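Report on the structure given below.
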Amino acid sequence: MRAAKFTTKIATKKIIGRTDKADFPKLKLSEIDIKIDTGAYTSSIHCTDIEEVDGVLIANFLDQDHPQYHGKKIEFQDYEITTVRSSNGNQEQRYEVQSNIRIFKKLYKISLTLNNRQEMRFPVLIGRKFLSKKFIVDPELQDISFLQSQA
């Protein structure tokens, strides 16, 4: 019985590779490089010029060096401040917003922490909180969703 439940759970999940490209419609971003990180709990996106004004969070996503940078400031009425522990054990406070992500031609809700990832190769890191119950990660594969969307 347990094997049948396990097989059913696997059958309902999509296989995703270690990297891909995704759209973030609420953020007005398309074909953004993402890195899948099963070691990270939260998902994070490169963000600059973050400020709170009268209870509204205003953020600029990516930066001028990024090809998909559009310079539009996005406002969030609902946001949280959360504590994130990095891989080196340091804790830091970050803003966390609710957004959406289009991957495998499907739109999902996603929580994103806002962080300056300018020194990182990928502007978006996708963590376990989003991946759980939806995806199985195969580290040998890359850009599966993006390639399927181009076919």
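If you're wondering where the values come from, they're calculated on a predicted model, not measured in any experiment. Counting from 1, the numbers follow the sequence of the chain as shown.
Distance check, rounded to the nearest 0.5 Å: CZ of Phe24 to CZ of Phe61 gives 10.0 Å. The line from NZ of Lys105 to CD of Gln148 is 7.0 Å long, rounded to the nearest 0.5 Å. We find the OG1-CD1 distance between Thr19 and Ile126 to be 12.0 Å, quoted to the nearest 0.5 Å. Of the inter-residue distances, the one linking Gln98 atom CD with Lys109 atom NZ reads 8.5 Å to the nearest 0.5 angstrom. How far CG of Asn100 is from NZ of Lys26: 5.0 Å, rounded to the nearest 0.5 Å. Taking CD of Glu31 as the start and CD of Gln68 as the end, the distance is 7.0 Å to the nearest 0.5 Å.
You'll find the side chain of Asn115 reaches within 4.5 Å of the side chain of Glu92, heavy atoms only. Counting only heavy atoms from C-beta outward, the side chains of Leu114 and Ile45 approach each other to under 4.5 Å. Annotation: side chain of Arg85 is not in contact with side chain of Tyr41 (no heavy-atom distance under 4.5 Å). Put simply, the side chain of Thr42 does not reach to within 4.5 Å of the side chain of Thr82, judged on heavy atoms.
Remark: side-chain polar atoms of Asp63 are paired, donor with acceptor, to backbone N or O of Asp65 under 3.5 angstrom. Using a distance-only test at 3.5 Å, with no hydrogens or angles considered, a donor-acceptor pair links the side chain of Ser43 to the main chain of Gly127. Within the 3.5 Å criterion, the main-chain N or O of Leu27 finds a donor-acceptor partner in the side chain of His70. Put simply, the side chain of Asp20 gets close to the backbone of Ile144: a donor and an acceptor are under 3.5 Å apart. Looking only at distances, no side-chain donor or acceptor of Arg102 sits under 3.5 Å from a matching main-chain atom of Leu107. Looking at Thr12, its side chain never comes within 3.5 Å of a backbone N or O of Lys134 through a donor-acceptor pair. A donor-acceptor pair is defined here as one N or O able to donate and one able to accept, closer than 3.5 Å; such a pair exists between the side chain of Ser149 and the backbone of Phe146. Looking at Arg18, its side chain does come within 3.5 Å of a backbone N or O of Pro139 through a donor-acceptor pair. A donor-acceptor pair under 3.5 Å is formed between the side chain of Asn116 and the backbone N or O of Gln118.
Contact between Asn60 and Lys72 at its shortest, heavy atoms only, is OD1-O, 3.6 Å. Taking every heavy atom of both residues into account, Phe104 and Ile15 meet most closely at CZ-O, 3.3 Å. In terms of heavy-atom proximity, Ile36 sits nearest to Gly17 at CG1-O, 3.0 Å. Taking both residues in full, the closest heavy atoms of Ile50 and Cys47 are given as CG1-SG, 3.7 Å, listed atom of the first, atom of the second, then distance. For the pair Pro123 and Ile32, the tightest heavy-atom approach, listed with the atom from each and the gap, is CG-CG2, 3.7 Å.
Around the NZ atom of Lys21, the shell of radius 6.0 Å holds more than 12 heavy atoms that belong to other residues, nucleotides or ligands. Other residues, nucleotides and ligands contribute at most 12 non-hydrogen atoms within 6.0 Å of the CG atom of Asp78.
Put simply, Tyr79 and Ile101 are part of the same group of oily side chains (I, L, V, M, F, W, Y) that touch within less than 4.5 Å, one to the next. Linking ILVMFWY residues whenever their side-chain heavy atoms come closer than 4.5 Å, directly or via other members, places Ile74 and Leu62 in the same cluster. Residues Val84 and Leu125 do not share a hydrophobic cluster, defined by chaining ILVMFWY side chains whose heavy atoms lie under 4.5 Å apart. Leu147 and Ile16 fall into different hydrophobic clusters, defined by Ile, Leu, Val, Met, Phe, Trp and Tyr side-chain heavy atoms under 4.5 Å apart, directly or through other members. Taken together through direct or relayed side-chain contacts under 4.5 Å among Ile, Leu, Val, Met, Phe, Trp and Tyr, Tyr108 and Ile110 form part of one hydrophobic cluster.
Of the options Arg94, Gln91, Glu96, Gln93, a side chain to side chain donor-acceptor pair (under 3.5 Å) to Thr83 is made by Gln93 and by none of the others.
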